[in-house]
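Below you will find the structure I want to go over with you.
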Protein chains: 2
Amino acid sequence: MSNKKILLVEDDPNFGIVLKDYLTLSKFDVTHAKDGLEGLIEFKNNDFDICILDVMMPRKDGFSLAEDIRKTNKEIPIIFLTAKSMKEDILKGYKVGADDYLNKPFDSEVLLYKINAILQRKSSAMDAIEEQFEFQIGRFFLNSKLRQLSFDKQEPIKLSPKENKLLKMLATYKNDLMPRELALIKIWRDDNYFTSRSMDVYIAKLRKYLKEDSEVEIINIHGEGFRLIAK
Amino acid sequence: MSNKKILLVEDDPNFGIVLKDYLTLSKFDVTHAKDGLEGLIEFKNNDFDICILDVMMPRKDGFSLAEDIRKTNKEIPIIFLTAKSMKEDILKGYKVGADDYLNKPFDSEVLLYKINAILQRKSSAMDAIEEQFEFQIGRFFLNSKLRQLSFDKQEPIKLSPKENKLLKMLATYKNDLMPRELALIKIWRDDNYFTSRSMDVYIAKLRKYLKEDSEVEIINIHGEGFRLIAK
DNA sequence: GGAAATCTTAATGAATCGTTAAAAACAAAT
DNA sequence: ATTTGTTTTTAACGATTCATTAAGATTTCC
């Protein structure tokens, strides 16, 4: 099997070369472009498996490049390298369709780990295509495709789109922390005072639905997010 | 298992050689660089497990070298050797991401002890890439992601963010000194009279939580920091 | 003994969250 | 186009959680 091909777009020459060497040693074919425009040209002339883009670059920044890449290819994994851990940047990245992002400086082993994780995720996702849409939550049963929440033999509750997405997300993180920010970005596509308030309203609605089973509850972790507890 | 690899950067030739020999005898592979620039080159060409850097060196001092190292690798443990025990230096070191520091002259056995303690601390966590968030503390169990402290079958105690961060940090330094300044910089992001007082308040809170197990205690080491003792 | 460091409790004010209700936006059907 | 019903957002207010500061007591170090 031939090596996976990486497009690395990074304007800092030193850092770029070190990173390229490191990835080459880790058995990837690396093409190193020095700015966004060069990156776009390389992208169009080759067939890469994954893109690693610096955010801040002359001529064309990483986000803008990502948008252009997405016009050609909706699936290719993109990892952003952001110098600062600005929330602005992270949000923007997710909107452009980032698969992951890393704050510089970072441990190169973490990058390697993320690359492999993403490549694996994509390939297995391709095999199975469909994602999970049925969840057991205590004595409740959620079918997120039909947007129905069932309890015993009772008539199922019909969920609105947002209720459904939120409960599904809580269920995929069952018994674990679902970070508030993540839900806002993925479901509300924005993270501000009002979307956050809106989310609280939906949490209240879900709690009302779920209160028939006393074993099930949604608890808040102050400043962090919510946790759906169910045996 | 192969020996752990140490990058030792020390400009004093006599001291450097003695230290290198001592560490080699203690079953480490030691690369000895004579100044900061040489150290950086060695760092980029090899794969070390830990760095020991003298602070005062010609061409490139230890702090500057540490910053460069951190650009490539955010996790690798760094120990500083400082001639004077200036608080300025210690703070600067921690801000650059030091794991520990030693005042010259020092007992080489102390250095050895610290190296092993740090490697142990890092290795268990680093295997999994993502950081550790579960800790056993005597009969207590801390889940720092969920911010809860459990004791036997009792209802877990919910920890506030600061309580959680502080206890987590104490736990990673379990049975060892957690330097006061380090906690202040990493958790409070500042080191002054008030943050220090605030930390004391949190130590008091944690002691209250932990007093159910008489085998567990947080002791103060006057002028140095705290030590979480647990079997 | 005296200065510096630490311990502990309590008070304050800010940020976050919970809940209800009303307003606005949206969609489907008349 | 207007009506009707659903969904989502905004508003308002109370409740809870949280970090900091103050202040006095106690301990440690020289």
Side-chain angles (χ1 to χ4, degrees), chain A residues 87 144 146-149 156-170 177-184 186-211 217-229, chain B residues 85 87 90 144 146-149 155-170 177-211 217-229:
Chain A
K87 209 168 100 181
S144 66
L146 301 176
R147 299 209 317 249
Q148 284 185 341
L149 181 63
I157 300 164
K158 299 200 286 183
L159 299 178
S160 84
K162 282 245 155 70
E163 291 168 349
N164 181 55
K165 279 187 190 169
L166 185 57
L167 184 54
K168 178 184 175 185
M169 190 152 177
L170 283 163
L177 169 69
M178 179 196 73
R180 187 180 200 104
E181 268 206 358
L182 187 63
L184 289 174
K186 298 228 165 181
I187 299 176
W188 275 264
R189 319 217 37 89
D190 197 8
D191 173 12
N192 61 43
Y193 174 80
F194 293 108
T195 54
S196 203
R197 231 86 306 290
S198 188
M199 177 168 164
D200 289 339
V201 171
Y202 275 87
I203 290 287
K205 293 184 190 201
L206 292 180
R207 283 189 176 131
K208 210 170 272 177
Y209 295 148
L210 294 173
K211 70 163 169 260
E217 58 176 335
I218 298 173
I219 64 163
N220 173 257
I221 299 178
H222 199 92
E224 306 268 351
F226 293 92
R227 186 155 86 103
L228 172 63
I229 301 183
Chain B
S85 89
K87 196 178 159 191
I90 295 169
S144 67
L146 301 178
R147 294 208 323 242
Q148 56 184 25
L149 179 65
E155 182 70 7
I157 299 164
K158 299 201 284 184
L159 300 179
S160 86
K162 282 245 154 69
E163 290 167 353
N164 181 55
K165 280 186 188 167
L166 186 57
L167 184 54
K168 177 183 176 184
M169 189 151 178
L170 283 162
L177 170 70
M178 178 196 73
R180 188 177 199 106
E181 277 119 348
L182 182 64
L184 288 174
I185 290 198
K186 295 225 166 179
I187 299 176
W188 274 264
R189 316 211 138 275
D190 194 10
D191 171 17
N192 60 43
Y193 174 80
F194 291 109
T195 54
S196 204
R197 278 319 43 78
S198 188
M199 176 167 165
D200 289 339
V201 171
Y202 278 88
I203 291 287
K205 292 183 188 195
L206 292 181
R207 284 190 175 127
K208 204 173 276 179
Y209 295 148
L210 294 173
K211 70 164 168 256
E217 58 176 334
I218 298 173
I219 62 166
N220 174 257
I221 298 174
H222 199 87
E224 303 272 345
F226 294 92
R227 194 153 84 95
L228 172 64
I229 301 182

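Here is how names work: the chains are called A, B, and so on, in the same order as the sequence lines, proteins then strands, and each is numbered from 1.
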Report task. Check whether any side-chain heavy atom of A/K205 sits under 4.5 Å from a side-chain heavy atom of A/V201, and report yes or no. Result ->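 Side-chain contact under 4.5 Å: yes.
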
**Report entry** A/R189 CZ - D/dT9 P separation (whole Å)
**Finding:**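 Going from A/R189 (CZ) to D/dT9 (P), I get 13 Å.
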
Query raised in the report: Could you give all pairs that pass the salt bridge (charged side-chain N to carboxylate O under 4.0 Å, His left out) test and reach residues 181-190 of chain B, with sequence neighbours left out?
Result: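 As it turns out, there is no salt bridge (charged side-chain N to carboxylate O under 4.0 Å, His left out) pair with a partner in residues 181-190 of chain B once direct neighbours are skipped.
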
Requested in this report: Check every strand shown and say whether B/D200 touches a base, only sugar-phosphate, or nothing at a heavy-atom separation below 4.0 Å.
Outcome: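 Base: the residue B/D200, judged by heavy atoms under 4.0 Å, touches a nucleobase.
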
Query - Spacing of A/Q148 atom CD and A/K158 atom NZ [to the nearest 0.5 Å] - result: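 Here the interatomic distance stands at 8.5 Å.
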
Query raised in the report: Side-chain contact, heavy-atom cut-off 4.5 Å: A/L210 with A/L149?
Result: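 Touching, per the 4.5 Å side-chain cut-off.
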
Query raised in the report: Tell me: CD of A/E163 to P of D/dT7, nearest whole Å?
Result: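 Checked: the CD to P distance equals 7 Å.
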
Report task. Kindly calculate the angle separating the two end axes of the helix from C/dG1-D/dC30 to C/dT30-D/dA1, each obtained from five base pairs, and round it to 10 degrees. Result ->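 Comparing the axis at each end, I get an angle of 40°.
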
Requested in this report: First locate atom CG of B/D191, then atom CD1 of B/I185, and finally report the distance between them rounded to the nearest 0.5 Å.
Outcome: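 Going from CG on B/D191 over to CD1 on B/I185, the span is 6.0 Å.
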
Query raised in the report: In chain order, what residues pass the salt bridge (charged side-chain N to carboxylate O under 4.0 Å, His left out) check against B/K165, with sequence neighbours excluded?
Result: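 With neighbours one apart ignored, the set is empty.
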
Query raised in the report: Touch check for B/F226, heavy atoms < 4.0 angstrom, all strands: base, sugar-phosphate only, or nothing?
Result: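 Sugar-phosphate, backbone atoms only, no base.
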
Query raised in the report: So, does A/R147 use its side chain to make a donor-acceptor pair with the main chain of A/L159 at under 3.5 Å?
Result: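 Yes; judged by distance alone, with no hydrogens or angles, the pair exists.
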
Report task. Please find the earliest and latest nucleotides of DNA chain C, in the 5' to 3' direction, that have an atom within less than 4.0 Å of any heavy atom of chain A. Result ->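 Terminal contacting nucleotides, 5' to 3': C/dT16 to C/dT20.
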
**Report entry** Any side-chain heavy-atom pair of A/I203 and A/L170 under 4.5 Å
**Finding:**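 Of all side-chain heavy-atom pairs linking A/L170 with A/I203, at least one is under 4.5 Å.
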
Please write out the pairs of protein N or O atoms and N or O atoms of nucleotides 20-22 of chain D separated by less than 3.5 Å, giving the distance to one decimal.
residue, atom, partner, partner atom, Å
D/dT20, OP2, B/W188, NE1, 2.9
D/dT20, OP2, B/S198, OG, 3.3

Query raised in the report: Can you check whether B/Y193's main-chain N or O pairs, donor with acceptor, with B/S196's side chain at less than 3.5 Å?
Result: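 The answer is no, because no donor-acceptor pair under 3.5 Å joins these two groups.
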
Query - Flag side-chain contact, heavy atom, 4.5 Å: B/I221 against B/R227 - result: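 When only atoms from C-beta onward are counted, B/R227 and B/I221 do touch, with a gap below 4.5 Å.
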
Query raised in the report: For the atom pair OG (B/S160) and CG (B/L167), what is the distance rounded to the nearest 0.5 Å?
Result: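 Between B/S160 OG and B/L167 CG, I get 10.5 Å after rounding to 0.5 Å.
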
Query raised in the report: With the sugar-phosphate defined as primed atoms, P, OP1 and OP2, and the base as all remaining atoms, what B/S/- string results for nucleotides 25-30 of chain D, 5' to 3', for protein heavy atoms under 4.0 Å?
Result: ---SS-

Requested in this report: Rounded off to whole Å, could you give me the NZ-to-P distance for the B/K165 and D/dC18 pair?
Outcome: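 So the NZ-P distance, B/K165 to D/dC18, works out to 13 Å.
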
Query raised in the report: Whole Å only: how far is the CD atom of B/Q148 from the P atom of D/dT17?
Result: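 Between P of D/dT17 and CD of B/Q148: 15 Å.
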
Query raised in the report: Do A/I187 and A/Y202 have side chains that get closer than 4.5 Å, going by heavy atoms?
Result: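 They are not in contact (no side-chain heavy atoms under 4.5 Å apart), so the answer is no.
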
Query - Interatomic spacing from CG in B/L177 to CD1 in B/I219 - rounded to 0.5 Å - result: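 Reported to 0.5 Å precision, the distance equals 9.5 Å.
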
